S.K.: 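Quick one: structure below, then a few questions.
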Amino acid sequence: MTPIVLAITGASGAIYGVRLLQTLIAAGQTVELTISPAATEVLQHELGLKIALDHFTFEQLLPPRANWPANSPLLKYSLDSLDPSALSGRAGPGDSTAAGVVHYHNHRDYRAGIASGSFLTKGMVICPCSMGTLSGIAHGQSSNLVHRAADVHLKERRKLIVVPRETPLSSIALGNMQRLSEAGAVILPAMPGLYHEPTSLIDLVDFVVARICDQLGVPQRLTKRWSEDQ
Ligand SMILES: Cc1cc2nc3c(=O)[nH]c(=O)nc-3n(C[C@H](O)[C@H](O)[C@H](O)COP(=O)(O)O)c2cc1C
């Protein structure tokens, strides 16, 4: 299956990236994953997840419920598990029969497939996206694999979805978003709506993850759509 690239960077809202990965895998997608060093600090601070970028394992990011410590910050998200099987029936219509696959790439590995335009993908998501990464891409820096893969998606005119998380926004950040939008990226801020009547933190997270999946064309039933069951 043609893969989707997911980059997790060091903005607040690490749960958005983790929940998106869980959803994509449960929907049977192949995910090319890369994580910035700053993201590991946020993943540790916000979710209690310890990520070793040079010795990465899938379970570090999506640990089964049995492995959560009693004081895990994950508990406040009312999730049974981060294991993709916990999303059965919500990742797509009657789906989840075939679990997806994750291929991890170190942020320094410019030899990874996703660093080249000849490696085909369905698109790339940066979730969450820090202002630093936003700037790096807007100015063509390619100073790590996240920047480089994003640059490739822009030059190949493939879908690039950027999920910035910052407030308020400086004119520098706004200018960088405009540059990326004009270059073809979709700017999809981590800015949940409230019209789906959320009752938990994960309902807010799922609003954003659902909008990303819609952009990628990945079926999901994470949240009610407007005018559904009204
Ligand atoms: C706990 C924590 C939360 C952060 N939240 C944000 C944020 O919401 N937005 C942002 O742009 N940067 C945030 N930062 C700062 C970025 O991590 C920092 O600018 C870093 O250099 C970004 O690097 P990266 O884009 O390679 O991940 C945060 C840092 C930490 C430690």
Side-chain angles (χ1 to χ4, degrees), residues 4-21 31-56 60-61 69 71-77 82 102 104-112 114-115 124-154 160-181 183 185-193 201-202 204-209 211-212:
I4 292 168
V5 181
L6 169 61
I8 301 179
T9 69
S12 183
I15 187 72
Y16 290 112
V18 172
R19 182 68 162 173
L20 176 60
L21 178 64
V31 179
E32 305 290 325
L33 174 71
T34 186
I35 303 171
S36 76
T40 64
E41 288 183 43
V42 184
L43 284 157
Q44 163 97 60
H45 180 79
E46 294 185 343
L47 304 178
L49 296 173
K50 291 193 178 78
I51 311 293
L53 292 179
D54 292 332
H55 304 281
F56 179 79
Q60 291 170 4
L61 206 50
N71 60 351
S72 170
L74 290 167
L75 293 166
K76 64 174 176 271
Y77 290 98
L82 281 179
V102 177
Y104 168 76
H105 307 284
N106 190 279
H107 61 102
R108 290 182 298 257
D109 184 9
Y110 289 105
R111 296 174 61 87
I114 59 173
M124 173 173 183
V125 191
I126 307 176
C127 178
C129 182
S130 76
M131 296 305 100
T133 291
L134 189 78
S135 168
I137 301 165
H139 294 88
Q141 281 189 7
S142 284
S143 54
N144 63 28
L145 184 60
V146 179
H147 301 176
R148 171 62 189 162
D151 205 25
V152 164
H153 281 73
L154 290 176
L160 173 64
I161 303 162
V162 176
V163 186
R165 209 306 321 170
E166 185 57 282
T167 197
L169 292 164
S170 70
S171 53
I172 294 172
L174 288 166
N176 287 336
M177 286 185 210
Q178 183 170 2
R179 274 175 83 99
L180 287 186
S181 176
V186 174
I187 309 296
L188 195 159
M191 202 184 272
L201 278 177
I202 202 66
L204 294 172
V205 171
D206 280 350
F207 181 96
V208 173
V209 171
R211 297 288 72 73
I212 297 168

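Keep in mind that what you see is a predicted model, and the values were worked out from it rather than measured. Order of appearance sets the numbers: ligands from 1, and atoms from 1 within every ligand. What's counted below: heavy atoms across the whole structure, side chains too, no hydrogens, waters or symmetry copies.
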S.K.: Can you list the residues that meet the salt bridge (charged side-chain N to carboxylate O under 4.0 Å, His left out) rule with Arg165, with sequence neighbours excluded?
M.R.: none

S.K.: Is a donor on one side and an acceptor on the other found under 3.5 Å between the side chain of Thr40 and the backbone of Pro37?
M.R.: yes

S.K.: Listed by chain and number, what are the ring-ring contact (aromatic ring centres under 6.0 Å, His included) partners of Tyr104, not counting sequence neighbours?
M.R.: Phe56

S.K.: With a 6.0 Å cut-off (strictly less than), is the heavy-atom count around CD of Gln44, excluding the residue itself, greater than 12?
M.R.: yes

S.K.: The criterion is salt bridge (charged side-chain N to carboxylate O under 4.0 Å, His left out); which residues satisfy it with Arg108, sequence neighbours excluded?
M.R.: Asp54

S.K.: Under 3.5 Å, N/O to N/O: give me all the pairs between ligand 1 and the protein, one per line with atom names and distance.
M.R.:
unit_1   : atom_1 : unit_2 : atom_2 : d
ligand 1 : 5 (N)  : Ser12  : N      : 3.1
ligand 1 : 8 (O)  : Ser12  : N      : 3.0
ligand 1 : 8 (O)  : Arg165 : O      : 3.0
ligand 1 : 8 (O)  : Arg165 : NE     : 3.2
ligand 1 : 8 (O)  : Arg165 : NH2    : 3.0
ligand 1 : 9 (N)  : Arg165 : O      : 2.8
ligand 1 : 11 (O) : Met131 : N      : 2.7
ligand 1 : 14 (N) : Gly10  : O      : 3.1
ligand 1 : 17 (O) : Gly10  : O      : 2.6
ligand 1 : 25 (O) : Ser130 : OG     : 2.5
ligand 1 : 25 (O) : Thr133 : N      : 3.4
ligand 1 : 25 (O) : Thr133 : OG1    : 2.5
ligand 1 : 27 (O) : Gly10  : N      : 2.8
ligand 1 : 27 (O) : Ser36  : OG     : 2.6

S.K.: Drop me the distance from Ile15's CD1 to Leu49's CG, to the nearest 0.5 angstrom.
M.R.: 8.0 Å

